[in-house]
Amino acid sequence: MSDAQDARVIRIEGLGKTFAGGFEALKDIDLDIHRGEILALLGPNGAGKTTLISVICGLVNPTHGRVLIDGYDNVRQFRQARARIGLVPQELTNDAFIRVWDTVSFSRGLFGKPRDPAHIEKVLRSLSLWEKRNNRLITLSGGMKRRVLIAKALAHEPEILFLDEPTAGVDVALRRDMWEVVRQLRDSGVTIILTTHYIEEAEEMADRIGVIRAGELVLVEDKQALMQQLGRKELTLHLRDPLDGVPPTLSQHRLTLTEDGHALVYAYDAEADGDDTGIARLLADLEAAGIAVKDLHTRQSSLEEIFVNLVKEAA
Ligand SMILES: Nc1ncnc2c1ncn2[C@@H]1O[C@H](COP(=O)(O)OP(=O)(O)OP(=O)(O)O)[C@@H](O)[C@H]1O
Ligand SMILES: [Mg+2]
């Protein structure tokens, strides 16, 4: 554990996937996943999130590059790598008539782990499924079925859990329950990678956020750092008389002049230390420079906006 390499529970190096037929679904992905973190992968439909997860889990072979799970190559040492991973797939496919307890126990057996009813009980209790352990899946609600999938993924005590759109189509109350479950898992030491379309979910849950667009990882950043971007604000000052350029006396302010010269845009940090946004000084300097302001307005970029801009198709 003291080994620095140990912090990277998953290493993804130069990973690419081109499907038969020539479609390039993943392009040269490099990513380290840290032990014990929650990483949220955001991206529009078809961006490659499920493909990336499938390649990491060894269900789809990469065209180039490699994935190491705890140091094990996930193709050449598939069994060792796969044993460390639990996967909750995007699609719900279950045998409708099997009972909760049986399907979860069976999943453990698939990994060659010895029977351990105490572990199965712990998993079912943690997901509030204990009361339903003897129910057939067909008698469960959609949200409970999703939780059964999580229980199945946890049955063999994986140290890494992939959740592919765990809360798609799940109501707000249940989504909050699932977040709580995922947090508890993280607190118990499990590394979690989840995909989601809900920016709110990434904001709520993730330690880091990765954005995938058209098979490329266009951003991976600590959530806190992203939230600081979220705090960035812009003040637009509409001028009575257009300017040819930003006057030198105003050069210390972060100002840009709009193309038509009719407005100055001032970027500032809404969460600046000591509440000093610099606006008071800017207005005083404008007055001293004899620049009359006709109107002004402010706007704040949201995580949603950052995300939408990132995933926008390059023109
Ligand atoms: N077996 C396959 N053969 C050919 N193309 C595929 C195959 N599987 C996926 N693709 C394509 O790869 C791209 C990425 O698909 P993927 O399922 O990874 O997207 P996603 O980001 O998970 O989307 P969603 O948000 O809809 O779940 C899509 O264009 C898809 O059509
Ligand atoms: Mg998907």
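From a predicted model like this one, the values you see are computed outputs, not experimental measurements. Note that ligands are numbered from 1 as they come in the structure, with each ligand's atoms numbered from 1 the same way.
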Trainee: Using only atom types and a distance under 3.5 Å, with no angle test, would you say the side chain of R208 pairs donor to acceptor with the backbone of L39?
Mentor: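 No, because the side chain of R208 does not come within donor-acceptor range (under 3.5 Å) of the backbone of L39.
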Trainee: What does the contact table look like for ligand 1 (nitrogen or oxygen on each side, cut-off under 3.5 Å)?
Mentor:
| unit_1 | atom_1 | unit_2 | atom_2 | d |
| --- | --- | --- | --- | --- |
| ligand 1 | 18 (O) | T50 | N | 3.4 |
| ligand 1 | 18 (O) | T51 | N | 2.8 |
| ligand 1 | 18 (O) | T51 | OG1 | 2.6 |
| ligand 1 | 19 (O) | G48 | N | 3.4 |
| ligand 1 | 21 (O) | A47 | N | 3.2 |
| ligand 1 | 21 (O) | G48 | N | 2.9 |
| ligand 1 | 21 (O) | K49 | N | 2.8 |
| ligand 1 | 21 (O) | K49 | NZ | 2.9 |
| ligand 1 | 22 (O) | T50 | N | 2.9 |
| ligand 1 | 22 (O) | T50 | OG1 | 2.8 |
| ligand 1 | 23 (O) | G46 | N | 2.8 |
| ligand 1 | 25 (O) | N45 | ND2 | 3.2 |
| ligand 1 | 25 (O) | K49 | NZ | 2.7 |
| ligand 1 | 25 (O) | H197 | NE2 | 3.0 |
| ligand 1 | 26 (O) | N45 | ND2 | 2.8 |
| ligand 1 | 27 (O) | Q90 | OE1 | 3.1 |
| ligand 1 | 27 (O) | Q90 | NE2 | 2.8 |

Trainee: Is it possible for you to say whether F106 and V100 belong to one hydrophobic cluster, with membership spreading through side-chain heavy-atom contacts below 4.5 Å?
Mentor: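 Result: no, two separate clusters.
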Trainee: For the Mg ion (ligand 2), how many protein N, O or S atoms come closer than 2.8 Å?
Mentor: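 Count of protein N, O, S atoms less than 2.8 Å from the Mg ion (ligand 2): 2.
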Trainee: Decide yes or no for H238 and H262: does some side-chain heavy atom of the first lie under 4.5 Å from some side-chain heavy atom of the second?
Mentor: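 The answer is no; the side chains never approach within 4.5 Å.
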Trainee: Please state whether the rings of W130 and W101 are parallel, tilted or perpendicular, taking 30° and 60° as the class boundaries.
Mentor: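 Answer is perpendicular, since the angle exceeds 60°.
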Trainee: What distance do I199 atom CD1 and E201 atom CD have between them, rounded to the nearest 0.5 Å?
Mentor: 11.0 Å
Trainee: Between L163, L41, T167, which is the residue that forms a side chain to side chain contact (heavy atoms under 4.5 Å, CB included) with L194?
Mentor: L163
Trainee: Begin with the C-alpha distance, continue with both residues' side-chain angles, and end with the deciding distance and a verdict on salt bridge (Lys or Arg N to Asp or Glu O under 4.0 Å) for E121 and R133.
Mentor: CA-CA 9 Å; E121 177 173 346; R133 64 190 177 282; over 6 Å; no
Trainee: I'd like to check R79 versus Y72 (side-chain heavy atoms, cut-off strictly below 4.5 Å). Are they in contact?
Mentor: no
Trainee: Given L149, which of L87, V104, V88 fulfils the side chain to side chain contact (heavy atoms under 4.5 Å, CB included) condition?
Mentor: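 Output: one option passes, namely V88.
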